[in-house]
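Accompanying notes for the structure given below.
It should be emphasised that the depicted structure is a prediction, and the values quoted were computed from it without experimental measurement.
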Amino acid sequence: MGDQPAFTLNIDQNKYLPLDGREVHAILTIGSTGAAAAEAVPAEAAEVIIIDTSGSMSGSKIREARQAAATAVRTLRDGVHFAVVAGTERAKVVYPGGHANLVRASPATRAEAERAIGRLSAHGGTAIGEWLKLAGHLLTAHPSAIRHAILMTDGQNNERPEVFASVLAGWSGKFVCDSLGVGDDWAPAELRKVAEAMLGTFDFVRNQGDLPEFFRRLTQTSMSKTVAELSLRVWVPQTARLRFVKQVSPTLLDLTGKRTDVNPLTGDYPTGSWGTEEREYHICVEVPPGQIGQEIRAGWVKLVRPDTQDVLASGNVLAQWTDDLAQSTRINRKVAHYTGQAELHELIQDGLSLRAMGDVEAATARLAKARQLAEESGREDTARLLEKVVEVDPATGTARLRRNVDKADEIELDTGSVRTSRLRKEGS
């Protein structure tokens with residue numbers, strides 16, 4: 001089983017509602033405190049490294065990709081099952097060659113894999129769904145392992161949208177996939193879909209020389225996981241409705257549509273694999289109107305292992321109706337913070353989409369508001385990127401889109417909008 005961390009679940013909310021209040025918001029902070037025994041056997045893990053070897057990867061890109069894949073292989077710990085996949089319009093296992101199974105990492109197999117990686121060349125098209133399907137089939141042979149894939153691409157997916165969507169739906173929840181886009185000719189929307197379906201991350205490698213370091217970090221993070229799969233189990237009363245369940249830190253990820261029913265009042269929401277880390281989730285429950293002074297349990301949240309049904313942590317979401325205006329209008333700081341972070345993401349996404357469609361007025365309004373929100377919430381990194389897309393006259397406050405925007409700046413803004421900042425402590 002490997003080292004098993006201990007989990008905590010803390011709930012931040014303002015339980016007080018006005019007489020006509022219906023919505024209950026809560027932020028769940030889930031943390032794992034680390035392993036109990038340093039000498040314990042590491043968890044079983046399975047890793048697939050997917051390299052885009054399409055024609056657009058020729059020249060220096062394929063050289064950097066080979067180096068990145070080799071770096072990932074060297075980062076694997078002994079005993080981890082792994083394979084390397086080359087992706088074009090098809091997917092091919094380049095190591096272990098001729099085998100449909102993963103092999104255990106050892107000095108010998110790592111050296112063999114590096115030699116195979118060194119022979120990769122660039123040709124053909126791009127079919128990301130095919131790459132994910134092959135990774136899924138390879139990882140399926142290890143159901144008890146922490147299953148993970150790293151995928152990198154520099155181009156746009158050539159598959160029909162419905163084919164790609166079908167693959168993502170079919171493999172969603174079967175393994176975690178972290179994706180990387182290299183250069184400025186890939187579509188963030190496509191890797192965002194992969195991240196949402198596979199409970200992973202996606203990131204922009206602005207300088208292709210940094211690709212090996214990205215691969216090293218992703219592989220190292222994967223190797224640090226100790227629990228293969230956990231779910232958020234959420235119960236709400238019969239008269240209530242669970243409006244959404246979203247991960248809000250460290251990245252935004254909507255889990256609402258990933259529900260698996262436990263019973264009519266309870267559903268499980270997948271969270272993927274865990275190591276020593278902390279994440280935060282936002283849930284919203286719609287309740288029927290109550291009476292002054294009445295208190296109800298609006299939600300019962302548990303962190304569970306789906307395979308054993310063990311409950312690792314739990315907490316209650318409460319609602320109480322009051323005629324005290326001060327109590328009912330006070331917004332919990334964490335709820336307010338992450339509501340603002342989600343709004344910032346939506347403003348950026350809407351603004352970039354409207355800009356691409358040529359709706360300058362609407363795009364300007366949304367991106368200018370995003371810039372203001374980023375500055376107010378302490379997102380200096382995002383504010384700097386927004387400043388490269390939309391400028392504001394300090395004298396008049398008039399905003400306008402910049403005419404010549406570097407494509408890489410736009411992609412960095414797009415991909416970075418899913419990352420959130422933690423709430424600053426009061427007084428800091």
Report task. Would you kindly say whether Asn10 and Thr29 are connected by a side-chain donor-acceptor distance under 3.5 Å? Result -> no
Query raised in the report: If we only count heavy atoms from C-beta on, is the Tyr281 to Val301 side-chain gap below 4.5 Å?
Result: no
Report task. State which residues pass salt bridge (Lys or Arg N to Asp or Glu O under 4.0 Å) with Arg104; sequence neighbours excluded, sorted by chain then number. Result -> none
Requested in this report: Can you sort out the partners of Arg66 under salt bridge (Lys or Arg N to Asp or Glu O under 4.0 Å), two or more places apart, ordered by chain and number?
Outcome: none
Report summary line: Here the gap from Ile411 atom CD1 to Asp184 atom CG, rounded to the nearest 0.5 Å, amounts to 5.5 Å
Query raised in the report: About how many Å separate CG of Leu401 and OG1 of Thr364, when rounded to the nearest 0.5 Å?
Result: 3.5 Å
Query raised in the report: Counting only N and O atoms by type, is there a donor-acceptor contact under 3.5 Å from the side chain of Arg366 to the main-chain atoms of Leu354?
Result: no
Report task. Could you tell me which residues satisfy side-chain contact (heavy atoms from CB on, under 4.5 Å) with Arg243, sequence neighbours excluded, listed by chain and number? Result -> Glu23, Arg241, Cys284, Glu286
Report task. Apply salt bridge (Lys or Arg N to Asp or Glu O under 4.0 Å) to Glu387 and list each qualifying residue two or more places apart in sequence or on a separate chain. Result -> Arg402
Query raised in the report: Roughly how far, to the nearest 0.5 Å, is the CG atom of Leu413 from the CG atom of Leu386?
Result: 5.0 Å
Query raised in the report: Asp268 pairs by salt bridge (Lys or Arg N to Asp or Glu O under 4.0 Å) with which of Lys258, Arg233, Arg305, Arg259?
Result: Arg233
Report task. Can you sort out the partners of Phe215 under ring-ring contact (aromatic ring centres under 6.0 Å, His included), two or more places apart, ordered by chain and number? Result -> none
Report summary line: Contacts of Asp409 meeting side-chain contact (heavy atoms from CB on, under 4.5 Å) (sequence neighbours excluded), chain-then-number -> Arg206, Lys388, Asp406
Query - From CA spacing to verdict: side chain to side chain contact (heavy atoms under 4.5 Å, CB included), His25, Gln13 - result: CA-CA 6 Å; His25 291 265; Gln13 67 161 135; over 6 Å; no
Query raised in the report: Backbone N or O of Thr71 within a donor-acceptor pair of the Thr75 side chain at under 3.5 Å?
Result: yes
Query raised in the report: According to the ring-ring contact (aromatic ring centres under 6.0 Å, His included) rule, which pairs have a member within residues 223-268, sequence neighbours left out?
Result: Phe244-His282
Query raised in the report: Could Glu196 and Lys193 be called an ion pair, given the rule that one side-chain N must be under 4.0 Å from one carboxylate O?
Result: no
Query raised in the report: Are Pro250 and Arg419 close enough that some pair of their side-chain heavy atoms sits under 4.5 Å apart?
Result: no
Query raised in the report: More than 12 heavy atoms of other residues, nucleotides or ligands under 6.0 Å from CG of Leu265: is that the case?
Result: yes
Query raised in the report: Would you find more than 12 non-hydrogen atoms of other residues, nucleotides or ligands less than 6.0 Å from Arg90 atom CZ?
Result: no
Query raised in the report: Taking C-beta and beyond as the side chain, do Pro237 and Arg297 meet within less than 4.5 Å on heavy atoms?
Result: no
Query raised in the report: Does a side-chain heavy-atom distance below 4.5 Å link Arg355 with Val389?
Result: yes
Report task. Taking Asn207 for its side chain and Gly209 for its backbone only, find out whether a donor-acceptor pair lies under 3.5 Å. Result -> no
Report task. List the steps and the verdict of side chain to side chain contact (heavy atoms under 4.5 Å, CB included) for Lys246 and Leu252. Result -> CA-CA 7 Å; Lys246 299 177 180 180; Leu252 297 170; over 6 Å; no
Query raised in the report: Would you call Val85 and Leu138 a side-chain contact if the rule is heavy atoms closer than 4.5 Å?
Result: yes
Query raised in the report: Can you tell me if Asn158 uses its side chain to pair, donor with acceptor, with the backbone of Thr126 under 3.5 Å?
Result: yes
Query - Main-chain N/O of Asn157 paired to Glu159 side chain as donor or acceptor, under 3.5 Å - result: no
Requested in this report: Answer yes or no: is there a side-chain heavy-atom contact under 4.5 Å between Gln67 and Leu211?
Outcome: no
Query - Asp254 side chain to Thr256 backbone, donor-acceptor under 3.5 Å - result: yes
Query raised in the report: Is Arg192 reaching over with its side chain to a backbone N or O of Thr415, donor-acceptor style, under 3.5 angstrom?
Result: no
Report task. Could you tell me whether Arg217 and Glu213 make a salt bridge, using a distance below 4.0 angstrom between a side-chain N and a carboxylate O? Result -> yes
Query - Of all pairs that satisfy ring-ring contact (aromatic ring centres under 6.0 Å, His included), the ones with a partner from residues 116-158, not counting sequence neighbours - result: His81-His142, His137-Trp171
Query raised in the report: Is it true that a side-chain atom of Ser417 and a backbone atom of Asp414 form a donor plus acceptor pair closer than 3.5 Å?
Result: yes
Query raised in the report: Roughly how far, to the nearest 0.5 Å, is the CD1 atom of Ile11 from the OG atom of Ser314?
Result: 8.5 Å
**Report entry** Derivation and outcome, salt bridge (Lys or Arg N to Asp or Glu O under 4.0 Å), residues Glu64 and Lys61
**Finding:** CA-CA 5 Å; Glu64 299 288 359; Lys61 282 184 182 177; over 6 Å; no
Requested in this report: Only counting residues at least two apart or in another chain, list the ones meeting side-chain contact (heavy atoms from CB on, under 4.5 Å) with Leu423.
Outcome: Arg333, Lys334, His337
Query raised in the report: Is the backbone of Phe204 close enough, under 3.5 Å, to the side chain of Glu412 for a donor and an acceptor to pair up by distance?
Result: no
Query - Spatial distance of atom OG1 (Thr109) from atom CG (Leu102) [nearest 0.5 Å] - result: 11.5 Å
Query raised in the report: Distance from Trp186 atom CH2 to Met152 atom CE, nearest 0.5 Å?
Result: 10.5 Å
Query raised in the report: Is there a donor-acceptor pair under 3.5 Å between the side chain of Asp154 and the backbone N or O of Val182?
Result: no
Query - Under the salt bridge (Lys or Arg N to Asp or Glu O under 4.0 Å) test, residues paired with Lys302 that sit two or more places apart - result: none
Report task. Please test Leu134 against Val93 for side chain to side chain contact (heavy atoms under 4.5 Å, CB included), starting from the C-alpha separation and ending with a verdict. Result -> CA-CA 8 Å; Leu134 179 55; Val93 179; 3.8 Å; yes
**Report entry** Within 6.0 Å of CD in Glu162, more than 12 heavy atoms from elsewhere
**Finding:** yes
Query - Which residues share a ring-ring contact (aromatic ring centres under 6.0 Å, His included) with Tyr338, sequence neighbours left out - result: none
Query raised in the report: Would Gln247 and Thr251 satisfy side chain to side chain donor-acceptor pair (under 3.5 Å), going step by step from the backbone distance to the final call?
Result: CA-CA 7 Å; Gln247 178 183 294; Thr251 58; 3.2 Å; yes
Query raised in the report: How about Leu168 and Val194: do any of their side-chain heavy atoms sit closer than 4.5 Å?
Result: yes
Report task. Begin from the C-alpha positions of Thr219 and Leu76 and carry the test side chain to side chain contact (heavy atoms under 4.5 Å, CB included) through to its verdict. Result -> CA-CA 7 Å; Thr219 308; Leu76 297 170; 3.8 Å; yes
Query raised in the report: Do Thr266 and Trp300 have side chains that get closer than 4.5 Å, going by heavy atoms?
Result: no
Query raised in the report: For Glu229, which residues count as a side-chain contact (heavy atoms from CB on, under 4.5 Å) partner, sequence neighbours excluded?
Result: Ser231, Pro270, Pro306
Requested in this report: Under the salt bridge (Lys or Arg N to Asp or Glu O under 4.0 Å) rule, what do Lys407 and Asp185 come out as? Steps first, then yes or no, please.
Outcome: CA-CA 9 Å; Lys407 183 70 179 296; Asp185 195 36; 5.4 Å; no
